[in-house]
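The figures that follow rest on heavy atoms only: side chains count, while hydrogens, waters and symmetry mates do not.
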Amino acid sequence: MAIGKGHHLHLIDGSGFIFRAFHALPPLTRKSDSLPVGAVSGFCNMLFKMLEGNTGHDAPTHLAVIFDHSAKTFRNDIYPQYKAHRPPMPEDLRPQIPLTREATRAFGICCIEQEGWEADDLIATFAVQARDAGARVTIISSDKDLMQLVGGGVEMMDGMKNVTIGPEEVEAKFGVGPDRVVDVQALAGDSVDNIPGAPGIGIKTAALLINEYGDVESLLARAEEIKQPKRRQSLIDNAEQIRISKRLVTLEQHVPVEVGIDAMEVQPLDPETVLPFLAEMEFRTITNRVAEKLGAKAPTIDDTPANAPAMDEPDMPPIDPSKYEIVRDAEALQIWIDRIHERGYVAVDTETTGLDEMRADLVGICLSVEPGQACYIPLAHVNGTGDLLGGAERSEGQMDFDRALQMLKPVLEDPAILKILQNAKYDIKIFARLNVTVAPIDDTMLISYAQHAGLHGHGMDALSERYLDHKPIPIKELIGAGKKQITFDQVKIDDAAPYAAEDADITLRLWTALKPGLIPSRTTTVYETMERPLVPVLVQMERHGIKVDRDHLSRMSNSFAQKMAGLEHEIHELAGRKFNVGSPKQLGEILFDEMAIEGGKKGKTGAYGTGADILETLAALGHDLPARVLDWRQVSKLKSTYTDALQEHIHPETGRVHTSYSIAGANTGRLASTDPNLQNIPVRTEEGRRIREAFIAEEGNVLVSLDYSQIELRILAHIAEIDSLKQAFRDGLDIHAMTASEMFGVPLDEMTPDVRRQAKAINFGVIYGISAFGLANNLRIPREDAKAFIDRYFERFPGIQKYMDDTKAFAKEHKRVETLFGRRIHTPEIASSGPRAGFAYRAAINAPIQGTAADIIRRAMIRVPAAMQAAKLPGRMLLQVHDELLFEVPRDAADDLIGTVREVMEQAHLPAVALDVPLVVDGGTGANWAQAH
DNA sequence: AGAGTCACG
DNA sequence: GACGTACGTGACTCTG
């Protein structure tokens with residue numbers, strides 16, 4: 001049947017896809033012969049997803065994969081240098097190219113390439129033919145060169161991210177609609193494809209010109225009218241080059257194609273061809289999935305290395321949630337406990353009524369001792385939702401809660417049995433509230449984090465999809481979402497069991513997949529000395545919490561509310577009408593349209609910027625409204641985020657606030673604090689500091705704060721080997737004043753606060769991967785001045801330049817950097833081009849410094865409990881704020897505590913790393929956090 | 001859900 | 001040569 005209305009053609013940019021898959025996916029090799037197959041695997045997964053219609057789009061009725069043909073094209077005749085700068089294909093990718101063609105045929109999909117034409121031209125031709133016949137077209141590619149085809153029933157989709165690219169996305173990228181994309185490309189050129197364009201004109205400027213003049217020819221005809229001399233000259237001088245560029249970027253829509261679209265009609269998968277191919281590639285998971293879908297038997301895969309003895313590896317059956325056992329009585333549980341003792345380890349996962357481990361109740365426990373073998377032990381399921389007067393009735397077929405716990409406690413506490421968990425801190429806290437101490441443990445989240453920080457997230461879903469090629473059952477399918485959401489105890493046991501047990505199964509599989517990687521990646525020490533031992537320490541801190549004075553917060557809230565009302569009234573008067581002060585959009589319109597204040601700048605979303613820096617500039621020019629808005633915003637922030645929200649977080653039973661630290665959240669090794677975030681409690685303004693007064697000690701106790709002084713700059717001095725800086729730290733000098741003196745030649749005793757402030761900004765800038773632009777912005781000085789500062793800084797402290805260059809080179813080569821303690825932080829984006837690479841470079845420069853500081857305080861925290869015990873110190877560690885630790889301790893023990901903990905903190909780097917600079921810790925004591933700090 | 005804004009180190 | 005840029009986080013509000 002001929003293609004037409006109601007049909008949907010998918011055109012896959014084959015070369016583009018495998019190139020991206022190669023760079024985005026971990027380097028997978030075929031087990032039997034180490035043939036690299038990562039990109040092929042990604043390609044097969046994408047094909048299968050597409051055929052299933054599992055992409056957020058409907059399934060295609062017609063489908064083809066289009067490849068580039070390696071021979072030259074008409075573009076080389078027009079412009080011999082076309083794509084001349086392409087780097088050679090990576091060695092590991094080369095053998096995968098023919099395999100992707102094979103894969104396409106194995107899936108029964110039309111595979112197209114044609115001599116003399118790029119894939120893009122063929123895609124253009126087919127897309128236009130299908131569109132004109134009335135069919136829908138989706139191009140699977142993220143190549144910007146194809147964006148000119150979008151519109152009128154043609155859309156694009158990013159095959160890796162499943163993101164749709166329509167006319168709006170094209171406009172966002174090029175500043176013009178799809179029909180004018182080639183004109184913008186012709187002007188802006190493209191360094192990757194070596195399209196010359198007009199020198200001095202980038203995408204932004206090009207879009208501006210095209211929007212005003214229409215297209216390249218009209219623009220060139222009226223080039224004389226352009227005001228900016230540089231632009232005008234560039235257009236006049238390069239007119240021919242621009243015309244050539246346009247021909248290069250314009251896709252040929254009328255290639256005399258050798259294959260018709262009707263031949264692309266989707267055929268049912270043939271098990272006889274697709275399964276043998278997948279098995280030959282040794283893609284276990286997708287082989288099983290495809291076999292299951294076809295109702296065929298999956299072929300056995302022999303991936304024994306050809307010239308190595310058969311390995312005694314645990315067999316990994318496919319994940320099948322219908323096979324898990326539900327444990328309903330003591331006899332069944334005892335069998336599992338026996339198996340655990342036999343094995344010596346067990347994967348454990350808990351199901352609870354919520355995400356807040358201080359309030360959620362245990363509903364069930366899952367165990368797994370072997371991939372594919374897992375059980376669910378329901379303990380507190382109920383029928384229905386209950387009512388206001390009483391709880392719902394307990395479901396049938398569950399073990400007695402206490403009896404189960406009584407049986408499991410010895411196993412969970414057995415020092416000879418390893419408990420394997422994903423995000424162990426959560427489950428440990430749940431068990432701790434039931435008086436069960438879980439130890440020893442392994443945590444798959446942290447095993448992943450130690451090896452792969454910066455490469456991907458470390459949640460179970462992400463890890464499972466990446467390393468097991470399996471998407472876990474979404475919890476939403478059981479408990480729903482939004483208003484109608486129920487808690488896990490209300491889920492029927494038969495529904496809950498497959499979901500719950502699957503998590504234990506997955507955790508165990510992740511452990512077998514990830515743990516062996518620690519040794520070759522040299523991250524065992526990081527995991528064993530800085531990740532895993534931190535878990536029990538954080539459990540103690542989080543469970544203990546910090547006392548917060550609700551009345552103090554409540555009083556502040558009221559006073560803030562009054563203040564806001566007053567400011568709001570003033571602001572409305574100044575604006576001449578009422579509007580929502582909290583809406584940046586409305587504020588921008590008031591300021592820059594209605595009041596017609598100069599200097600309004602619209603960002604990429606088309607809204608005016610109204611950030612604090614912009615409003616400050618306006619306020620300094622004498623405008624009252626922005627000044628009042630700044631005041632209002634400050635008060636509003638303090639009220640909503642701190643005085644109001646913090647009260648909600650006071651635990652009804654403990655009367656304290658219990659934050660939760662994420663150990664694997666920040667790429668650099670820092671912790672992050674959530675629910676609530678206690679690492680960003682105000683301190684910089686007087687008014688904000690009063691919120692710290694609400695953090696108090698229990699009667700008879702005090703709060704003690706100990707913080708590292710200038711730890712990141714000290715680490716910089718050490719890593720970059722800057723002698724003068726190191727000496728200054730040894731001499732205990734004011735480091736910013738010393739920097740200023742060194743740079744500007746001002747003697748220390750004549751130092752002015754302003755000169756010191758500038759030097760301080762530069763010191764921090766260096767840690768952040770300095771740029772003239774950034775420093776200029778920060779100091780509000782011209783960029784040339786900032787550039788001069790930086791040059792002088794590099795001159796005075798030559799080690800810095802070397803450190804930055806060495807770090808960049810290392811990052812570029814290895815796609816990662818390291819801390820002094822061996823923590824790896826990956827920076828994969830360093831391989832990209834454009835602004836993303838810039839971000840990656842600055843992050844790479846910052847990460848070893850921020851990360852080493854994070855390592856040091858982690859080591860200190862891990863040592864503190866034992867040190868306090870040895871010194872027989874009462875009191876507790878409560879909070880960590882990156883370079884500060886906060887304790888609560890009986891008043892008369894405060895001085896001893898400071899002595900003991902300071903010692904631990906100042907020596908925390910030893911014996912692993914010797915520093916050329918001393919670490920210095922300042923301490924303070926007080927009835928509340930404001931006083932202690 | 002994402003952008004904008006702002007609190008911290 | 002242009003582009004867009006200080007590093008790392010989390011929470012709240014508005015808006016589509």
Side-chain angles (χ1 to χ4, degrees), chain A residues 187-191 196-206 230 234 454 580-588 603-615 629-630 633-634 636-642 644-646 649 659-662 665-685 688 691-692 707-708 710-712 761-762 764-779 783 786 790 825 827 833-851 853-854 857 880-884 933:
Chain A
L187 290 172
D190 181 2
S191 59
I201 294 180
I203 287 188
K204 284 274 162 66
T205 315
K230 269 193 187 164
S234 178
N580 185 349
V581 184
S583 161
K585 186 164 169 271
Q586 293 179 34
L587 176 65
K604 50 188 160 204
T605 52
Y608 288 114
T610 66
D613 48 345
I614 293 171
L615 297 191
V629 172
L630 282 169
R633 279 199 184 152
Q634 192 192 12
S636 156
K637 177 83 174 182
L638 294 177
K639 180 171 187 300
S640 68
T641 309
Y642 300 104
D644 288 350
L646 221 37
H649 281 284
T659 185
S660 179
Y661 289 100
S662 45
N667 288 340
T668 52
R670 274 195 179 179
L671 300 179
S673 160
T674 64
D675 307 303
N677 182 352
L678 295 186
Q679 289 181 322
N680 71 346
I681 302 301
V683 69
R684 290 175 187 171
T685 65
I691 290 170
R692 290 204 173 209
D707 70 287
Y708 285 106
Q710 310 282 14
I711 186 164
E712 294 196 353
I762 300 174
F764 278 109
V766 166
I767 291 174
Y768 298 153
I770 200 160
S771 76
F773 180 93
L775 185 64
N777 247 0
N778 190 286
L779 286 177
R783 205 189 297 191
I790 294 170
I825 299 130
T827 56
S833 55
R836 295 154 76 91
F839 278 110
Y841 274 120
R842 291 194 293 274
I845 287 167
N846 174 257
I849 303 168
Q850 187 180 112
I857 197 163
Q880 187 250 43
V881 192
H882 309 307
D883 62 359
E884 172 188 4
H933 188 78

Outermost nucleotides of DNA chain C that come under 4.0 Å of a non-hydrogen atom of chain A
C:dG1 to C:dG16

Residues that A:F764 engages under ring pair (Phe, Tyr, Trp, His ring centres under 6.0 Å), provided they are two or more places apart
A:H736

Please name all residues satisfying side-chain contact (heavy atoms from CB on, under 4.5 Å) with A:D190, sequence neighbours left out, ordered by chain then number.
A:K144, A:V192, A:D193, A:I195

Quote, to the nearest angstrom, the C1' distance that separates B:dC8 from C:dC3.
30 Å

Taking side-chain contact (heavy atoms from CB on, under 4.5 Å) as the definition, give me every residue that meets it alongside A:T641, ordered by chain and number, with sequence neighbours left out.
A:K637

Is A:Y661 reaching over with its side chain to a backbone N or O of A:Q880, donor-acceptor style, under 3.5 angstrom?
yes

Looking at every strand, decide which applies to A:P199 at a 4.0 Å heavy-atom threshold: base, sugar-phosphate, or nothing.
nothing

Could you tell me whether a side-chain N or O of A:Q586 sits under 3.5 Å from a main-chain N or O of A:V581, the two making a donor and an acceptor?
no

What nucleic acid atoms does A:R633 come within less than 4.0 Å of, heavy atoms only: base, sugar-phosphate, or nothing?
sugar-phosphate

Comparing A:N667 with A:K585, nearest DNA chain C nucleotide closer to 5' gives the residue A:N667

Going by heavy atoms in the side chains, are A:I691 and A:L638 under 4.5 Å from each other?
yes

Checking all strands, does A:G582 fall into the base, sugar-phosphate, or nothing category for heavy-atom contacts under 4.0 angstrom?
sugar-phosphate

Does A:D613 have any salt bridge (charged side-chain N to carboxylate O under 4.0 Å, His left out) partners at least two apart in sequence or in another chain, and if so, which?
none

Could you tell me whether A:R836 contacts a base, only the sugar-phosphate backbone, or nothing, with contacts defined as non-hydrogen atoms closer than 4.0 Å?
nothing

Report which part of the nucleic acid A:S771 touches: base, sugar-phosphate, or nothing (heavy-atom distance under 4.0 Å, all strands).
base

How would you label the contact of A:Y642 with the nucleic acid (heavy atoms, under 4.0 Å): base, sugar-phosphate, or nothing?
sugar-phosphate

Please find the earliest and latest nucleotides of DNA chain B, in the 5' to 3' direction, that have an atom within less than 4.0 Å of any heavy atom of chain A.
B:dA3 to B:dG9

Take atom C1' in B:dC6 and the same atom in C:dA2, then report the distance between them in whole Å.
31 Å

Go ahead and write out DNA chain C as dot-bracket, 5' to 3': ( ) for pairs within the strand, [ ] for ones crossing earlier pairs, | when the partner sits on another strand, dots for unpaired; Watson-Crick or G-U wobble, both distances under 3.5 Å.
......|||||||||.

Residue pair A:T674 / A:S660, side-chain donor-acceptor N/O under 3.5 Å:
no

Counterpart residues, salt bridge (charged side-chain N to carboxylate O under 4.0 Å, His left out), relative to A:K639 (two or more places apart)
A:D644

What is the nucleic acid contact for A:N778, judged by heavy atoms within less than 4.0 Å: base, sugar-phosphate only, or nothing?
base

Under 4.0 Å, counting only non-hydrogen atoms across every strand here, what does A:E712 touch: a base, just sugar-phosphate, or nothing?
nothing

Would you mind classifying the nucleic acid contact of A:S636 as base, sugar-phosphate or nothing, using non-hydrogen atoms under 4.0 angstrom?
nothing

Does A:P199 have any side-chain contact (heavy atoms from CB on, under 4.5 Å) partners at least two apart in sequence or in another chain, and if so, which?
A:S234, A:N238, A:Q241

Excluding sequence neighbours, so at least two apart, what forms salt bridge (charged side-chain N to carboxylate O under 4.0 Å, His left out) with A:E712?
A:R670

Going by side-chain hydrogen bond (donor to acceptor under 3.5 Å, both in side chains), name the residues that satisfy it together with A:N680, two or more places apart in sequence or in a different chain.
A:Y642

Any pair counted as side-chain hydrogen bond (donor to acceptor under 3.5 Å, both in side chains), so long as it reaches residues 834-843 of chain A, sequence neighbours left out
A:E829-A:R836

For B:dT5 and C:dA6, measure between their P atoms and round to the nearest Å.
13 Å

What does A:A607 touch in the nucleic acid at a heavy-atom separation under 4.0 angstrom: a base, only the sugar-phosphate, or nothing?
nothing

Taking any heavy-atom pair under 4.0 Å as a contact, classify A:E884: base, sugar-phosphate, or nothing.
nothing

Name the nucleic acid region contacted by A:L638, choosing base, sugar-phosphate or nothing; use a 4.0 angstrom heavy-atom cut-off, strictly under.
nothing

Remember a base hit wins even if backbone is also touched, and classify A:I767 as base, sugar-phosphate or nothing at under 4.0 Å, heavy atoms.
nothing

Which is true for A:G765 with a 4.0 Å heavy-atom rule: it touches a base, it touches only sugar-phosphate, or it touches nothing?
base

Let me know, please, whether A:I770 or A:P676 comes out on the 5' side of the other along DNA chain C by nearest nucleotide.
A:I770

